[in-house]
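Written out below as structure tokens is the structure these notes cover.
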Amino acid sequence: MAEVILKEVKKNFGKSTVINDVSIKIKEGDFCVIVGPSGCGKSTLLRIIAGLETPTSGSIIINSKDVTAVDPANRGIGMVFQNYALYPHMTVEDNMSFGLRMNNAPKTTIKKKVEEAAKILQLTELMTRKPASLSGGQRQRVAIGRAIVKGSNVFLFDEPLSNLDAELRVEMRIELTRLHKELGATIIYVTHDQTEAMTMADKIVVLRNGCVEQIGDPLELYSNPDNKFVAGFLGSPSMNFLEAKFDGKDLKVQSLENFKIKKFPSLSKENSKIIIGVRPQDVLLKRSTKGKKIEFVENLGNLSIYHTRLDKNHYLLSESNNKESLLPGEHIQVTLNEKSLYFFDQNSGLRIR
Ligand code: ADP
Ligand code: MG
């Protein structure tokens with residue numbers, strides 16, 4: 001187990017800054033998920049922690065020791081890649097013991113460590129198999145086993161579930177959470193998938209263009225985002241954003257002419273442009289004879305997602321489990337749950353509270 005601290009880490013590739021002043025403190029035993037869109041710098045950041053990439057400036061501290069200049073092999077880190085990088089011609093046992101054998105560890109030590117890891121990972125029955133005859137989930141466990149046997153106290157995962165089908169992904173999410181509890185290990189896990197972040201993390205770091213947007217536990221980020229990006233990134237379907245204008249007295253939503261917002265934060269500037277955020281479950285629809293029209297309905301069984309056209313380019317998504325199901329083409333009256341609205345500055349994207 002280990003505590004990992006990143007201090008003002010920066011990475012340039014040529015002229016472009018890929019990681020910009022990233023500072024994160026990961027507690028011993030935490031499951032930390034770094035989440036952000038493709039290309040935002042997740043893999044680069046993980047490679048910097050592993051020592052496979054040198055930061056342009058800043059430092060990496062593991063268990064109070066500055067390891068910025070320490071060789072990857074001596075950082076006590078195990079990395080599990082998306083493709084698991086197992087040796088196809090080796091058995092499960094040989095794959096798991098590879099690192100220790102390369103270091104000429106005593107045979108009895110190797111045997112003991114591999115057996116222990118196999119037991120935790122429920123791989124004991126599979127020790128003589130080769131990767132080709134294992135399922136995706138089993139391969140993943142072998143890759144984790146290799147990291148455990150190596151004596152890692154921090155596990156780094158780079159999008160390990162993105163090659164798996166939907167059903168197995170759900171299974172592996174639960175499995176990884178269970179393993180984390182059992183091992184008590186510090187895990188740093190990167191993904192572009194907000195569901196993985198929401199379901200597995202103790203702590204989420206939202207990364208965008210190499211910058212940290214917000215850090216916090218899943219529900220805190222979901223219910224109390226600091227900015228429009230975090231608000232829109234976490235949650236599925238995403239939060240709706242509506243343009244609004246403050247005329248000095250009222251805050252008017254441009255595309256919902258009949259909806260009046262009674263309570264909003266104090267806005268000083270006249271003509272200030274505001275973005276209103278509302279989650280789909282807080283958009284309420286009522287059958288009507290005129291007004292907006294529903295264009296698509298996604299029926300998911302236990303609930304439905306309604307897409308209401310607001311104007312040429314915008315839809316408003318509404319999620320509901322109501323019995324009175326609405327049909328495409330029907331007119332509806334839209335109201336927003338006033339208690340659950342978010343307000344953002346249109347220019348900066350920052351939350352106005
Ligand atoms: P992510 O894992 O979030 O998708 P990456 O960390 O792989 O993002 O990449 C972040 C950015 O850095 C991308 O724009 C990518 O093209 C760039 N990049 C990554 N590695 C290199 C490299 N070795 N040389 C130049 N640019 C790189
Ligand atoms: Mg990546």
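Just follow the structure's listing: the first ligand is 1, and inside any ligand the first atom is 1. Start at 1 with the first residue, then count along the sequence.
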### Main-chain N/O of A105 paired to N103 side chain as donor or acceptor, under 3.5 Å
no

### Task
Examine the side chains of T186 and E28 and answer whether a donor and an acceptor come within less than 3.5 Å of each other.
no

### Nearest-contact summary for atom 21 (C) of ligand 1 - protein heavy atom, Å
F13 CE1, 3.3 Å

### Message
Using a 4.0 Å cutoff against the non-hydrogen atoms of S38, which atoms of ligand 1 qualify?
### Response
4 (O)

### Message
Can you check which of G14, C40, S43 brings a heavy atom nearest to atom 2 (O) of ligand 1?
### Response
S43

### Task
Could you tell me whether some N/O pair between G41 and ligand 1 is separated by less than 3.5 angstrom?
yes

### Message
For R353, is there an ion pair with D226 - N to carboxylate O distance below 4.0 angstrom?
### Response
yes

### Protein contact to atom 1 (P) of ligand 1 [nearest heavy atom, distance to 0.1 Å]
G39 N, 3.5 Å

### Nitrogen or oxygen atoms of V18 and ligand 1 under 3.5 Å apart
no

### Message
Under 2.8 Å from the Mg ion (ligand 2) - does any N, O or S atom of S38 fall there?
### Response
no

### Query
For V70, does its backbone N or O pair with a side-chain atom of R75 as donor and acceptor, under 3.5 Å?
yes

### Task
Could you check atom 5 (P) of ligand 1 against the protein and tell me its nearest heavy-atom contact, residue, atom and distance included?
T44 OG1, 3.6 Å

### Task
Indicate yes or no for a side-chain donor-acceptor contact from S152 to the backbone of V154 under 3.5 Å, with no hydrogens or angles considered.
no

### Message
Less than 4.5 Å apart, side chain to side chain, heavy atoms only: is that true for H89 and D94?
### Response
no

### atom 15 (C) of ligand 1 touched by protein heavy atom at under 4.0 Å
no

### Task
Specify the closest pair of heavy atoms between L221 and V230, including all atoms of both residues, with the distance to one decimal.
O-CG1, 4.2 Å

